[in-house]
Amino acid sequence: LNKISTIKNYPGLPGISGPDLAYNLYNQVKSMNVEILLDTVLNIKHLKNSNKVILKDQELSCKYLILATGKEPRKLNLEYEDELVGKGISYCALCDANFYKDKEVAVIGAGESALKEALYLANICSLVTIINKYDYFKCKEDIVKEIEKNNNIQVLYHSFIKSLEKDNNCLTGITYEQDQEIKELPVSGVFVYIGSTPNIFGNLKLELDKNYIKVDNNMQTNIETIYAVGDVIKKDLYQLVNAASEGMIAATNIIKNLNKK
């Protein structure tokens, strides 16, 4: 949520920003006296009668566990990428766009996230260049039309980023290939939107489908006392509204199971 500039498809809250919605949810949880721990999960173990969550500073035991660990942006896997994060490489336009005010930047990707972030960046940066390896975009036509009529956005089709250029530990540009020709593009920032990888960790023998957790209609995994919801599970639609629904379904079924005993 904290990486979404504007949410248009959540019922009753059209136009709200991701951070504002996240803060509202946080405050609602706090008002219900639900404890929130800020800690690092090192491992998760499923035992015969409980699940153990091993944190950096302590261990927690629980009868039921809901995994809502989301997914992380996929990286370019190019030299210098990790060291240039925060110095020219970003995976969140909402977080970092203002660092590139009135500067030229590139967006890598062809999906809806890439295009929405390019539109957001175009309001702040002097020029946004989209590096698209296809000859088309993988998103709704209305968003493509917005891209096409924006004077601050240019699109390079059939293009692949090849390397990152740097000077004094800061990004200075990229090298890309277009129609078998190697070209250079001077930019101050590169925003990467080439997909995501689900966050799955711990010693859990979960049944997966293409690295996403498989669940049934009750959000239950193949382990009876462990549920999963949100972007970490295998499903057809990844939207806020069904993520919220999945949380309700998982919690309701856990309550039913507890009431049986």
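Positions are given from 1 along the sequence. Bear in mind that the values here come from a model prediction, so they are computed numbers and not experimental data. Computed over heavy atoms, backbone and side chain alike; hydrogens, waters and symmetry mates excluded.
Cluster partners of Tyr136, by chain and number: Tyr134. The rule joins Ile, Leu, Val, Met, Phe, Trp and Tyr whenever side-chain heavy atoms lie under 4.5 Å apart.
Counting heavy-atom neighbours within 6.0 Å of Phe99 CZ, excluding the residue itself, gives a total of 12 or less. Surrounding CG of Asn217 are at most 12 heavy atoms belonging to other residues, nucleotides or ligands under 6.0 Å away. The number of heavy atoms from other shown groups lying within 6.0 Å of CG (Asp142) is above 12.
Geometric assessment of Lys166 against the ring of Tyr80 yields a positive cation-pi assignment under the 6.0 Å and 45° thresholds. Geometrically, Lys71 does not engage Tyr212 in a cation-pi contact defined by less than 6.0 Å to the ring centre and at most 45° from the axis.
Using modelled atom types, one finds a donor on one side chain and an acceptor on the other under 3.5 Å when comparing Asn9 with Gln239.
Listed here is the closest heavy atom pair of Val187 and Ala106: CG1-N, 4.1 Å. The nearest pair of heavy atoms linking Cys139 to Gly111 is CB-C, 4.2 Å.
A donor-acceptor pair under 3.5 Å links the side-chain atoms of Asn199 to the main chain of Thr69, judged by distance alone. The closest donor-acceptor contact from the side chain of Glu246 to the backbone of Met219 lies at 3.5 Å or more, if one exists at all. Glu177 contributes no side-chain N or O that, together with a main-chain N or O of Glu181, makes up a donor-acceptor pair within less than 3.5 Å.
Ion pairing between a basic and an acidic side chain is recognised when a charged N comes within 4.0 Å of a carboxylate O; Glu207 and Lys214 show such pairing.
Ring planes of Phe191 and Tyr100: perpendicular class, angle over 60° (limits at 30 and 60°).
Residue pairs meeting the side chain to side chain donor-acceptor pair (under 3.5 Å) criterion with at least one partner in residues 113-130, sequence neighbours excluded, are Glu112-Lys116, Glu117-Tyr193, Thr129-Gln154. For residues 31-58, the side chain to side chain donor-acceptor pair (under 3.5 Å) pairs, not counting sequence neighbours, are His46-Asn51, Asn51-Thr225.
For the pair Asn152/Leu127, no side-chain contact is recorded, criterion being any heavy-atom separation below 4.5 Å from C-beta on. Leu42 has its side chain out of reach of Val53: every pair of non-hydrogen atoms, C-beta onward, lies at least 4.5 Å apart.
Residues satisfying the ring pair (Phe, Tyr, Trp, His ring centres under 6.0 Å) criterion with Tyr176, sequence neighbours excluded, are absent altogether. Every residue was checked against the ring pair (Phe, Tyr, Trp, His ring centres under 6.0 Å) condition with Tyr91, not counting sequence neighbours, and none meets it. Checked against ring pair (Phe, Tyr, Trp, His ring centres under 6.0 Å), Tyr23 has no partners two or more places apart in sequence or in another chain.
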